[in-house]
Amino acid sequence: VVVDGATLTIEPGAIIRFNANTSLYIGYQASQAGATLMANGTAEKMITFTSSAATKSAGDWHYIWFDEGASEISSMQYCTVEYGGGYSDRYGAIHVQQSAVSISHSTVNLSESHGISLAEDGYFEAFTNNLVEQNALSSISIEANYAHTIGEGNTLTSEKGISVKGGILEMAEVTWLKQSTAYVIESNLNVGSSSGTSLSLAPGVEIKMGLGVAIYFGRNNNFGTLTAVGTAENRIKITSSAQEGAKSAGDWDYLYFDPGAGTSSVLAYCDIEYGGGYSASYGMIHLNGSGISVTNSAISHSETVGISLKEDAMFTECADNAFEDNTSAPVKIYGNYAHTIGTGNSFNTGPGILVSGDNIEQSEVTWLKHEIPYILEGDMELGSSSGSKLTIEPGATVNFASGTWFRVGAATGAFGVLVADGTPENKITFSSAAPSGFESAGDWD
């Protein structure tokens, strides 16, 4: 049945049974503009869309399809949609593309595919207080650009979660709300636009990353930021989409913050794990010419570094985090911004904080004492034309890779001061980065 430029109203309590391989289309093409479905039942009189088979099975019929001719005022309230999804694994029992629909207080279950699928800029005008369960694939399959249209009060039960297609998220300001299942990122996602995009994750949100998947912020001359602020009771989790017990370090690639991400992104009360699979040069969180605040978060099980920062990348705040079981090191950062690693962090991982060779040109900064040493991987120069001062906190340890140096005020026209004043109880140590027991005189310069 195709609704062509008309309004089909279904009364409360009605039952619609579909024969095998049949569908209900609302505005199947642009010429059918204005096609509308009003299927608004009540709590006492639900509308039911089901199979006509004597013995019902998932996939008995195809779908209710809202296409480009469908009106955005189409509504389904207090409906039950069951035993559909039989066309292919691309389309759910309800499918929305190039249009929108409001769905509330409804049940979608026993689909042979997704419960609900949305594609080609399909979105929800509203989606609240629904039950989506016992569907073969995801509860909802949706484009990243419209995942924020999934509203509150829903019970979504699926091991496949909410399937979020990659591509570009370019809405100005959106929030992904906490749902009863995870958002599963299926392919690489770029968050950003020429006018700026802000993605926020509500407390309690869980994101599962597919194999080899990355999320980029502010890439390709676009501007995009991430605000993932959980609470102590409702932490945000970003993890692998592999089943529990089968997750491995490096399952997914990274969260990548390019120059267009600026310095406004925030991670607080987040658990980020099992990434770092791209290459040894990139951590599970990677910053390139940008800055980020990371507090009260757990960074663990990266196949490489927990967080890696390239030149001119920094922490706007880095405090009270737990770095655990990251293969290479907890943090890799350039010398000019090593002072942005703050207090209260625990580093149960790796040999030390890797510090890339650099020119330290800050006017006055301090390297704090941490549980593990700073490991200088390249030559360090301290000084600038206006003067630079580096203080090393009592109790800190600075280890040097083979053949490296730390020079103060050596470059022509550069002025630098190093203050390394320990105490009898908290001496400062400058030593070799060779493994314990393998140190030799002359390891560093």
May I ask you to decide if [Y]'s main-chain N or O and [X]'s side chain share a donor-acceptor pair within less than 3.5 Å?
X: Ser99; Y: Val96; value: no
X: Thr263; Y: Ser290; value: no
X: Ser23; Y: Tyr25; value: no
X: Ser138; Y: Ile162; value: no
X: Trp61; Y: Ala93; value: no
X: Asn321; Y: Ile299; value: no
X: Thr316; Y: Ser293; value: yes
X: Thr304; Y: Ala280; value: no
X: Ser111; Y: Ser113; value: yes

Point to revise | Residue list, side-chain contact (heavy atoms from CB on, under 4.5 Å) with Ile428, at least two apart or on another chain | key: Ile392, Ala420, Phe430

Review point. By side-chain contact (heavy atoms from CB on, under 4.5 Å), which residues pair with Arg407, not counting sequence neighbours?
Key: Glu381, Trp405, Ala410

Rounded to the nearest 0.5 Å, what separates atom [atom1] in [X] from atom [atom2] in [Y]?
X: Phe400; Y: Ile375; atom1: CZ; atom2: CD1; value: 12.0 Å
X: Ile285; Y: Ser297; atom1: CD1; atom2: OG; value: 7.5 Å
X: Gln179; Y: Ser158; atom1: CD; atom2: OG; value: 13.0 Å
X: Leu137; Y: His114; atom1: CG; atom2: NE2; value: 5.0 Å
X: Ile215; Y: Trp252; atom1: CD1; atom2: CH2; value: 7.5 Å
X: Asp358; Y: Met380; atom1: CG; atom2: CE; value: 6.5 Å

Return a table of donor-acceptor pairs under 3.5 angstrom between the side chains of residues 191-207 and protein atoms on other chains or two or more places apart.
{"from": "Ser193", "atom 1": "OG", "to": "Gly196", "atom 2": "N", "distance (Å)": "3.0"}
{"from": "Ser193", "atom 1": "OG", "to": "Gly196", "atom 2": "O", "distance (Å)": "3.2"}
{"from": "Ser193", "atom 1": "OG", "to": "Thr197", "atom 2": "OG1", "distance (Å)": "3.0"}
{"from": "Thr197", "atom 1": "OG1", "to": "Glu170", "atom 2": "O", "distance (Å)": "3.4"}
{"from": "Thr197", "atom 1": "OG1", "to": "Met171", "atom 2": "O", "distance (Å)": "3.2"}

Measure the shortest side-chain to side-chain distance between [X] and [Y] over non-hydrogen atoms and say whether it is less than 4.5 angstrom.
X: Leu131; Y: Asn109; result: no
X: Tyr282; Y: Tyr256; result: yes
X: Val266; Y: Glu317; result: no
X: Ser388; Y: Leu382; result: yes
X: Glu371; Y: Ser346; result: yes
X: Ile360; Y: Trp367; result: yes
X: Phe49; Y: Cys79; result: yes
X: Ile142; Y: Ile150; result: yes

Indicate every side-chain donor-acceptor pair of residues 232-239 with a distance under 3.5 Å to a residue at least two apart or in another chain.
{"from": "Asn234", "atom 1": "OD1", "to": "Lys178", "atom 2": "NZ", "distance (Å)": "3.1"}
{"from": "Arg235", "atom 1": "NE", "to": "Asp271", "atom 2": "OD1", "distance (Å)": "3.0"}
{"from": "Arg235", "atom 1": "NE", "to": "Asp271", "atom 2": "OD2", "distance (Å)": "3.1"}
{"from": "Arg235", "atom 1": "NH1", "to": "Asn296", "atom 2": "O", "distance (Å)": "3.4"}
{"from": "Arg235", "atom 1": "NH2", "to": "Cys270", "atom 2": "O", "distance (Å)": "3.3"}
{"from": "Arg235", "atom 1": "NH2", "to": "Asp271", "atom 2": "OD1", "distance (Å)": "2.9"}
{"from": "Arg235", "atom 1": "NH2", "to": "Asn296", "atom 2": "O", "distance (Å)": "3.1"}
{"from": "Thr239", "atom 1": "OG1", "to": "Lys247", "atom 2": "NZ", "distance (Å)": "3.2"}
{"from": "Thr239", "atom 1": "OG1", "to": "Glu273", "atom 2": "OE2", "distance (Å)": "2.7"}

Exercise for review: For Glu82 and Thr48, run side chain to side chain contact (heavy atoms under 4.5 Å, CB included): C-alpha distance rounded to whole Å, both residues' side-chain angles, the deciding distance at 0.1 Å, then the answer.
Suggested key: CA-CA 8 Å; Glu82 59 185 14; Thr48 302; 4.2 Å; yes

Among [options], whose side chain to side chain contact (heavy atoms under 4.5 Å, CB included) with [X] holds?
X: Ile103; options: Asn130, Val81, Val108; value: Asn130
X: Leu37; options: Thr7, Ile26, Val3; value: Ile26
X: Val213; options: Asn188, Asp251, Asp253; value: Asn188

Check your understanding: Hey, is CZ on Phe406 packed in by over 12 heavy atoms from elsewhere, all under 6.0 Å?
Key -> yes

Point to revise | Leu8, CG atom: more than 12 neighbouring heavy atoms under 6.0 Å | key: yes

Practice item. Go through Gln29 and Ser31 one step at a time and tell me if the side-chain hydrogen bond (donor to acceptor under 3.5 Å, both in side chains) criterion holds. Key: CA-CA 6 Å; Gln29 52 194 13; Ser31 62; 3.3 Å; yes

Review point. According to the ring-ring contact (aromatic ring centres under 6.0 Å, His included) rule, which pairs have a member within residues 158-190, sequence neighbours left out?
Key: Trp176-Tyr183

With sequence neighbours left out, which residue pairs that include part of [range] fulfil the salt bridge (charged side-chain N to carboxylate O under 4.0 Å, His left out) condition?
range: residues 383-401; result: Glu364-Lys389
range: residues 218-230; result: Arg219-Asp258
range: residues 103-132; result: none
range: residues 137-164; result: none

Revision key, fill the gap. Sequence neighbours excluded, the answer for side-chain hydrogen bond (donor to acceptor under 3.5 Å, both in side chains) partners of Asn426 is Lys369

Exercise for review: Using the test ring-ring contact (aromatic ring centres under 6.0 Å, His included), find all partners of Tyr269 that sit at least two apart in sequence or belong to another chain.
Suggested key: none

Review point. Looking at the rings of Trp65 and Tyr91, which for Trp means the six-membered one, are their centres under 6.0 Å apart?
Key: yes

Review point. Under 6.0 Å between the ring centres of Tyr216 and Tyr254?
Key: yes

Exercise for review: Apply side chain to side chain contact (heavy atoms under 4.5 Å, CB included) to Lys332 and Leu309, showing your working.
Suggested key: CA-CA 6 Å; Lys332 182 172 183 177; Leu309 301 92; over 6 Å; no

Exercise answer: donor-acceptor pairs, residues 336-344 side-chain atoms, under 3.5 Å, sequence neighbours excluded:
{"from": "Asn336", "atom 1": "OD1", "to": "Glu361", "atom 2": "N", "distance (Å)": "2.8"}
{"from": "His339", "atom 1": "ND1", "to": "Asn336", "atom 2": "O", "distance (Å)": "3.4"}
{"from": "Thr340", "atom 1": "OG1", "to": "Phe315", "atom 2": "N", "distance (Å)": "3.2"}
{"from": "Thr340", "atom 1": "OG1", "to": "Tyr337", "atom 2": "O", "distance (Å)": "2.7"}

